[in-house]
2 protein chains.
Amino acid sequence: MPATPAVPDGKRPTLADLATRAGVSTALASIVMRGAKGASAATRERVLEAAREIGYRPDARARLLRSHRSHLLGVQFGLQHPFHADLVEGIYATAEPAGYQIALSAVTAERGEQRAVETLLDDRCEALILLGPQAPASRLTELAGQLPVVSVARHLRPPVPGLEVVRTADDKGARQAVDHLVALGHRAIAHIDGGKAPGAADRRRGYRTAMSRHGLTEHIRVVPGGLTEAEGAEAAQVLAASHPCPTAVLAFNDRCATGVLDVFLRSGIPVPGAISVVGFDDSHLARLAHIDLTTVGQDIPRLAHLAVDRAIARLDGRDTGTGEQVVAPHLVVRGTTAPPSTAPAT
Amino acid sequence: MPATPAVPDGKRPTLADLATRAGVSTALASIVMRGAKGASAATRERVLEAAREIGYRPDARARLLRSHRSHLLGVQFGLQHPFHADLVEGIYATAEPAGYQIALSAVTAERGEQRAVETLLDDRCEALILLGPQAPASRLTELAGQLPVVSVARHLRPPVPGLEVVRTADDKGARQAVDHLVALGHRAIAHIDGGKAPGAADRRRGYRTAMSRHGLTEHIRVVPGGLTEAEGAEAAQVLAASHPCPTAVLAFNDRCATGVLDVFLRSGIPVPGAISVVGFDDSHLARLAHIDLTTVGQDIPRLAHLAVDRAIARLDGRDTGTGEQVVAPHLVVRGTTAPPSTAPAT
DNA sequence: GACCGATTGTAGAACGTTCCACGTGGGCGT
DNA sequence: ACGCCCACGTGGAACGTTCTACAATCGGTC
């Protein structure tokens, strides 16, 4: 039965209306509505019934204006990043059962992180979960001084006090990718990096380390890229035109890899026939059978769960150990990698 | 200069703190902060300066608890739909300059529309903008009774009072796609439909009408599909296995088309060599050079702009004419369509 | 010098909720 | 009978704003 607002005027029913209707005080009505103890089963039932009748819904704003706890987690995410969409999905799944609401604030081409965070603060979020923040560390530190902040997927060298970090072991991920390619027989493996994007430094380092460890130091080649398809495409152009073209490429992330794939296919360079491509994230994108990208998988549900968990832990005063949670990545082999066709040059 | 909270205790500075600091009443401080008239230039400057010093930011919840206008537009969107992401981007771009905030509520596999809308209502949004809502019309009508509701991209036959509709002329879009394919020489054109997804009925109808108009009634073929890659892939399997395989396919949307593309490519059916594929939406997805999908473009910025505009118009009491805004689609020809290779059978 | 309107400012009551400090009343041990 | 505790319930003060009065000041006009 759809709730017919049984209050005379067009106004939305308030706690006072509910209390009048049920014949109790507003305080008691409040107790019942939020499931606190201090009401008998009989009245509880009566109030609930009245609430149903008049279609009462508590006003979230008034509620959290009064109670100092808002039970609201602010989440900043990149609207166009499939990886972030997946994370948000996981965040909802963990936060709502735990009794926390999520306030989303999107970062787009025209709407910067600064603006996104400002609106979250104005909404009186209790804690901030930032997905792949690009803001300078100083800004994050400043924020962390005001409220608990969890940075997801970005590595911050000096553990900033009050700032929680949840991330994938990016260096290890890059290493897994290189190991896989080397095992297939590749030697000339290039890396399209993410510039100053979150995680980029670690992936670059992991790549370099792994290459050295395989004795391929002289084949190390890092091409500037970025985290969008366009940037990946640009880097691919550079690689395709370069004289000793690599036989394999490790891209910064899946979006970047998609751009790379695109350029190669259009240039008539078969993948993985002539060149292998590896992405990073294992977002929905990579799983599309059409793209079928070999990629370094991040454990997205786990990252999301940890992020929410860390935020709540901090709010509950449970002190957390290191302030950093590192999740292991795992290689997902799909169709964009294969042994090199040409004999490997020393 | 990053605001150093100059208030003794850890609390966030309040309007009273600001007033004290600036040596004025809270009322006056309020006037200055919201840029209302009634303060001299001198005091205005003094208050603003004080605000900067103590890092004061107005509390959004308290503000809108008091003022009956909340200037908050609730937006329900599908987290995994690139088309929705594009719309949200456009909505931000229109709403924020107009002085409206956006509250986002995502619909995911585990979080239904009902839940998404509930949280928006609890946040005391003034109006709802629903992107591609799947809820039954009765539910939408009920909502529209409570507050202005704008439904984007879904056609509702009987203009529900109080419900604004902003949509693309889906039938016309489907017709454009068919016309394009027929002009290329195709006759056996199949349609993978979207079931009960928003817009699906119109696209199906547009497809049928266009086919009849070209005298291709006997070639009409509608295969059940959906709005995800998986559903598109499934439909493509069916088509590929069917005996007289069509030479062209109009998919319900870009995601669906991507799934179709994938199956064909894996089955060794060249696109557009053996079969042409057309999508719908022109989302980011279609534009990826890697996918390069011919698609029926929806004017996303315009849809977004209209949605916000209609919502605000209703809030301002400006009565709106028909309650329905229909935007013309335009075909975007890319690389997945070409003349059929086999001679067309009558 | 009284009156006026405009301008600048203030006090205090909302808004819808939660929290705190109390009233009840009844059961029960002494 | 008395105290005492407990479960249940109430009144009223917050929370941080905005809004509706109304007060003070000032130059200007008759």
Side-chain angles (χ1 to χ4, degrees), chain A residues 5 7 9-47 50-51 54-72 99 101 121-126, chain B residues 5 7 9-47 50-51 54-72 99 101 121-126:
Chain A
V7 177
D9 47 31
K11 294 310 211 177
R12 183 169 163 159
T14 162
L15 193 59
D17 298 328
L18 173 60
T20 309
R21 176 88 176 204
V24 296
S25 69
T26 61
L28 188 49
S30 168
I31 285 175
V32 172
M33 288 319 290
R34 75 194 121 102
K37 64 175 180 182
S40 71
T43 37
R44 200 171 286 276
E45 184 48 48
R46 190 150 41 92
V47 172
I54 65 175
Y56 170 78
R57 314 213 77 217
D59 185 324
R61 325 306 262 234
R63 162 173 286 180
L64 63 81
L65 170 59
R66 171 61 225 197
S67 60
H68 278 157
R69 298 296 312 268
S70 73
H71 284 262
L72 191 61
Q101 287 246 30
L121 289 180
D122 288 348
D123 285 348
R124 289 289 192 269
C125 292
E126 288 193 280
Chain B
V7 177
D9 47 30
K11 296 311 214 175
R12 185 171 163 157
T14 161
L15 194 60
D17 297 329
L18 173 60
T20 309
R21 175 87 176 204
V24 295
S25 69
T26 60
L28 188 50
S30 168
I31 286 175
V32 172
M33 288 318 291
R34 75 193 120 102
K37 64 174 180 181
S40 71
T43 38
R44 200 171 286 275
E45 183 49 47
R46 191 151 40 93
V47 171
I54 65 175
Y56 170 78
R57 315 212 75 216
D59 185 323
R61 329 304 265 234
R63 162 173 286 179
L64 63 81
L65 169 59
R66 171 61 226 200
S67 58
H68 278 157
R69 300 296 311 267
S70 74
H71 283 263
L72 191 61
Q101 287 246 33
L121 289 179
D122 288 348
D123 284 349
R124 289 289 193 270
C125 292
E126 288 192 281

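Every heavy atom of this structure was used, including side-chain atoms; hydrogens, water molecules and symmetry mates were not. A note on names: the letters A, B, ... follow the listed sequences, proteins ahead of strands, and every chain is numbered from 1.
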* To do: Verify, without hydrogens or angle tests, whether B/S30 (side chain) and B/T26 (backbone) share a donor-acceptor contact under 3.5 angstrom.
  =>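 Flag not set: sc B/S30 to bb B/T26 has no pair under 3.5 Å.
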* **Under 3.5 Å donor-acceptor, B/R46 side chain and B/A22 backbone** =>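 Checked: pair present.
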* Hey, could you give me the CZ/CG distance between B/R124 and A/D59, rounded to the nearest 0.5 Å? =>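 So the CZ of B/R124 and the CG of A/D59 are separated by 3.5 Å.
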Can you tell me how far [atom2] of [N] sits from [atom1] of [X], to the nearest Å?
X      : N      : atom1 : atom2 : answer
B/L15  : D/dT18 : CG    : P     : 7 Å
B/M33  : C/dG9  : CE    : P     : 16 Å
A/L18  : C/dG16 : CG    : P     : 14 Å
B/D59  : D/dC15 : CG    : P     : 12 Å
A/R124 : D/dC15 : CZ    : P     : 13 Å
A/R61  : D/dT17 : CZ    : P     : 14 Å
A/D122 : D/dG16 : CG    : P     : 15 Å
A/L65  : C/dC15 : CG    : C1'   : 9 Å

* Asked: According to a strict under-4.0 Å criterion, is B/R34 in side-chain N/O contact with OP1 or OP2 of D/dC19?
  ->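 Yes.
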* Short side-chain N/O contact from A/T14 to OP1 or OP2 of C/dT17, under 4.0 Å ->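 Answer yes for this pair, as a side-chain N or O of A/T14 is under 4.0 Å from OP1 or OP2.
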* **Reading 5' to 3' through nucleotides 5-14 of chain D, protein heavy-atom contacts under 4.0 Å coded B for base, S for sugar-phosphate only, - for none** => ---SSSB-BB
* Do the side chains of B/T14 and B/D17 get nearer than 4.5 Å, heavy atoms only? ->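 Yes. Closest side-chain heavy atoms under 4.5 Å.
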* To do: Compare all side-chain heavy atoms of B/R21 with those of B/Y56 and state whether any distance is below 4.5 angstrom.
  =>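 SC-SC contact between B/R21 and B/Y56 ruled out.
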* Would you classify A/S67 as touching base, sugar-phosphate or nothing, given that sugar-phosphate means primed atoms plus P, OP1 and OP2, and contacts are heavy atoms under 4.0 Å? =>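 The answer is sugar-phosphate, as A/S67 gets under 4.0 Å only of primed atoms, P, OP1 or OP2.
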* Asked: When A/E126 is tested against each of A/Q101, A/R69, A/H71 for side-chain hydrogen bond (donor to acceptor under 3.5 Å, both in side chains), which residue passes?
  ->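 So the option named by the test is A/R69.
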* Atom of B/A51, atom of B/L18 and distance for their closest heavy-atom approach ->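 In terms of heavy atoms, the two residues are closest at N-CD1, 3.4 Å.
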